[in-house]
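The shown structure was predicted, so the numbers you read here are calculated from the model rather than taken from an experiment.
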Amino acid sequence: MTLALTPSRRFCIAPMLDWTDRHYRRFARELSRHAWLYTEMVNSGAILHGDKLRHLRFDEVENPLALQLGGSEPADLARCAKIAEDWGYDEVNLNVGCPSERVQSGSFGACLMLEPTLVSDCVKAMRDACGIDVTIKHRIGIDAVEDYGFLLNFVAEVHEAGCNTFIVHARNAILKGLSPKENREIPPLKYDYVYRLKRDLPQLEIIINGGIADHAAAQQHLQHVDGVMVGREAYHNAWMLAEVDRLYYGSDWQPESRHAAMRALRSYVEAELADGLPLRLFTRHILGLFQGMPGARQWRRTLSDAKLLKDAGWPLIEAALTEMRPAAVTEQEGSEP
């Protein structure tokens, strides 16, 4: 029987370490009300034995929101899944795709694709512990294992444990010899593997990830799969999110302008500053807001200048906004000098 799919995951913003923190997510939510957001990957041990507030805190307007976990101990992951549910997350996602050596040393991430039975045990434990969705993000293969059968068998086995949503980065993970950055660029993209996976297991929700740079490409993928996940393009060219609700969710809501979206964040930023947040930890996420527009370089320069940012508050952002062309000027006009 075909499962009822969750339309909210039609467009997702990828979990990105050091990038998709709560300040970025709060900013992204001013550009799209419906895009499904993900946290950075959080090690299960950091949640169980560390500062829960630092790792799990979020603003309720960020929902729909998923917590991405790193780990391979079913009992620990089960406890984290229950905590995620209690904190108000909509989904818990297990990272089975990160190829970094630091993650491998902890026996989780992409190397877990070689242990589908262990991944299945993790999924079952998490599903038994919580009532929210448990999903997997993974690659299509590991190192020299490039045959489609490996991918199909992995997904089929994990599905038997109760996972119905798979987010597939359409590249192999090379565990030795490539950096995480090179792993995002060098292994060839094989979108056809992901399309075939959906054809072979139509009852599953399949979301495609990897190298998606614009809405035209995303819409093409949606002819074959249930959802798309966009990473760095959504971060560096944030205004692309302004079209998400219209293109993917049939909503007529969209931000009036870049200026309006930023000014809607003033109360959030000022509250965080009052709570001790250095402004630079927020402004680093908004540098791409005017990507491709006249004055974008100056916007980035102003909001990344350490001297200007020291002890600065909202007035620095307001000054940078004022220097940009008026909001009434069409958002499509011009190009970056």
Closest approach of [X] and [Y], non-hydrogen atoms and distance?
{"X": "Pro187", "Y": "Ile174", "answer": "CG-CG1, 3.9 Å"}
{"X": "Ala78", "Y": "Ala129", "answer": "O-CB, 3.4 Å"}
{"X": "Ala238", "Y": "Leu31", "answer": "O-CD1, 3.3 Å"}
{"X": "Leu273", "Y": "Gly313", "answer": "CD1-CA, 3.7 Å"}
{"X": "Ala260", "Y": "Glu256", "answer": "CB-CB, 4.0 Å"}

For [X], all residues meeting side-chain hydrogen bond (donor to acceptor under 3.5 Å, both in side chains), sequence neighbours excluded:
{"X": "Glu30", "value": "Arg26"}
{"X": "Asn183", "value": "none"}
{"X": "Arg33", "value": "none"}

* What pairs with His169 under ring-ring contact (aromatic ring centres under 6.0 Å, His included), at least two apart in sequence or on another chain? ->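 With neighbours one apart ignored, the set is empty.
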* **Tyr193: partners by ring-ring contact (aromatic ring centres under 6.0 Å, His included), with sequence neighbours left out** =>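 Checked Tyr193 against ring-ring contact (aromatic ring centres under 6.0 Å, His included); matches are Tyr148.
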Within the distance-only criterion (no hydrogens, no angle test), does the side chain of [X] pair as donor or acceptor with the backbone N or O of [Y] below 3.5 angstrom?
{"X": "Arg9", "Y": "Gly227", "answer": "no"}
{"X": "Thr39", "Y": "Gln68", "answer": "yes"}
{"X": "Asp245", "Y": "Ser32", "answer": "no"}
{"X": "Asp143", "Y": "Val145", "answer": "no"}
{"X": "Glu40", "Y": "Asp18", "answer": "yes"}
{"X": "Asn63", "Y": "Gly88", "answer": "yes"}
{"X": "Arg199", "Y": "Pro202", "answer": "no"}
{"X": "Arg263", "Y": "Glu318", "answer": "no"}
{"X": "Asp90", "Y": "Leu65", "answer": "yes"}
{"X": "Lys198", "Y": "Leu204", "answer": "yes"}

* Asked: Between Lys52 and Asp86, is the closest basic N to carboxylate O distance under 4.0 Å?
  -> no
* **Presence of salt bridge, Asp128 and Lys124, under 4.0 angstrom** =>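 So Lys124 pairs with Asp128 through a salt bridge.
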* Should the pair Phe11 and Tyr248 be assigned to parallel (<30°), tilted (30 to 60°) or perpendicular (>60°) ring geometry? -> tilted
Reported [atom1]-to-[atom2] distance for the pair [X] and [Y], which is rounded to 0.5 angstrom:
{"X": "Ile13", "Y": "Trp36", "atom1": "CD1", "atom2": "CH2", "answer": "13.0 Å"}
{"X": "Asp21", "Y": "Arg54", "atom1": "CG", "atom2": "CZ", "answer": "11.0 Å"}
{"X": "Arg196", "Y": "Ile206", "atom1": "CZ", "atom2": "CD1", "answer": "14.0 Å"}
{"X": "Thr165", "Y": "His159", "atom1": "OG1", "atom2": "NE2", "answer": "10.5 Å"}
{"X": "His34", "Y": "Leu241", "atom1": "NE2", "atom2": "CG", "answer": "13.5 Å"}
{"X": "Met126", "Y": "Ile136", "atom1": "CE", "atom2": "CD1", "answer": "5.5 Å"}

* Asked: Testing Asn43, Val92, Asn93 for side chain to side chain contact (heavy atoms under 4.5 Å, CB included) with Leu69, which one passes?
  ->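 That would be Val92.
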Could you pull out all residues at least two apart from [X] that satisfy side-chain contact (heavy atoms from CB on, under 4.5 Å)?
{"X": "Glu73", "answer": "Asp76"}
{"X": "Arg22", "answer": "Arg25, Arg57, Glu62, Tyr268, Glu272"}
{"X": "Thr283", "answer": "Leu279, Arg280, Ile286, Leu303, Leu309, Ile317"}

* Asked: Who are the salt bridge (Lys or Arg N to Asp or Glu O under 4.0 Å) partners of Lys181, not counting sequence neighbours?
  ->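 With sequence neighbours excluded, Lys181 shows a salt bridge (Lys or Arg N to Asp or Glu O under 4.0 Å) to Glu185, given in chain and number order.
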* Not counting sequence neighbours, which residues clear salt bridge (Lys or Arg N to Asp or Glu O under 4.0 Å) with Asp214? List them please. =>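 Applying salt bridge (Lys or Arg N to Asp or Glu O under 4.0 Å) to Asp214 gives none.
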* Do any pairs count as a salt bridge (Lys or Arg N to Asp or Glu O under 4.0 Å) and have a residue in residues 144-170, sequence neighbours left out, and if so which ones? -> Glu146-Lys190
Would a 4.5 Å heavy-atom cut-off, applied to side chains only, mark [X] and [Y] as touching?
{"X": "His138", "Y": "Leu151", "value": "yes"}
{"X": "His224", "Y": "Val194", "value": "no"}
{"X": "Arg139", "Y": "Pro99", "value": "yes"}
{"X": "Leu112", "Y": "Phe154", "value": "no"}
{"X": "Tyr38", "Y": "Met229", "value": "yes"}
{"X": "Val42", "Y": "Leu67", "value": "yes"}
{"X": "Val168", "Y": "Val225", "value": "no"}
{"X": "Val134", "Y": "Leu94", "value": "no"}

* Give the intermediate values and the outcome of side chain to side chain contact (heavy atoms under 4.5 Å, CB included) for residues Leu175 and Cys111. => CA-CA 7 Å; Leu175 300 184; Cys111 62; 4.1 Å; yes
* Asked: Can you hop from Trp253 to Leu265 via hydrophobic side chains spaced under 4.5 Å?
  -> no
* **Joint hydrophobic cluster, Met262 plus Val61, side-chain heavy atoms closer than 4.5 Å** => no
* Might you work through the side chain to side chain contact (heavy atoms under 4.5 Å, CB included) test for Leu48 and Cys80, ending with a clear yes or no? => CA-CA 7 Å; Leu48 297 178; Cys80 289; 3.8 Å; yes
* Output every pair passing ring-ring contact (aromatic ring centres under 6.0 Å, His included) with a member in residues 54-76, not counting sequence neighbours, ordered by first then second residue. =>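 For residues 54-76, and leaving out neighbouring residues, the ring-ring contact (aromatic ring centres under 6.0 Å, His included) pairs sorted by first residue read Phe58-Tyr89.
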* Passes side chain to side chain contact (heavy atoms under 4.5 Å, CB included), Tyr191 versus Ile140? Steps please. -> CA-CA 10 Å; Tyr191 294 134; Ile140 59 171; over 6 Å; no
* Asked: Are side-chain N/O atoms of Tyr195 and Gln223 paired as donor and acceptor at under 3.5 Å?
  ->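 No pair is found: no donor N or O on one side chain lies under 3.5 Å from an acceptor on the other.
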* Asked: Under 3.5 Å, is there a donor-acceptor pair linking the side chains of Gln291 and Asn237?
  ->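 No, because no side-chain N or O of Gln291 sits under 3.5 Å from a partner of the opposite role on Asn237.
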* Please walk me through it: do Gln203 and Leu201 pass side chain to side chain contact (heavy atoms under 4.5 Å, CB included)? -> CA-CA 6 Å; Gln203 73 273 30; Leu201 298 171; 4.0 Å; yes
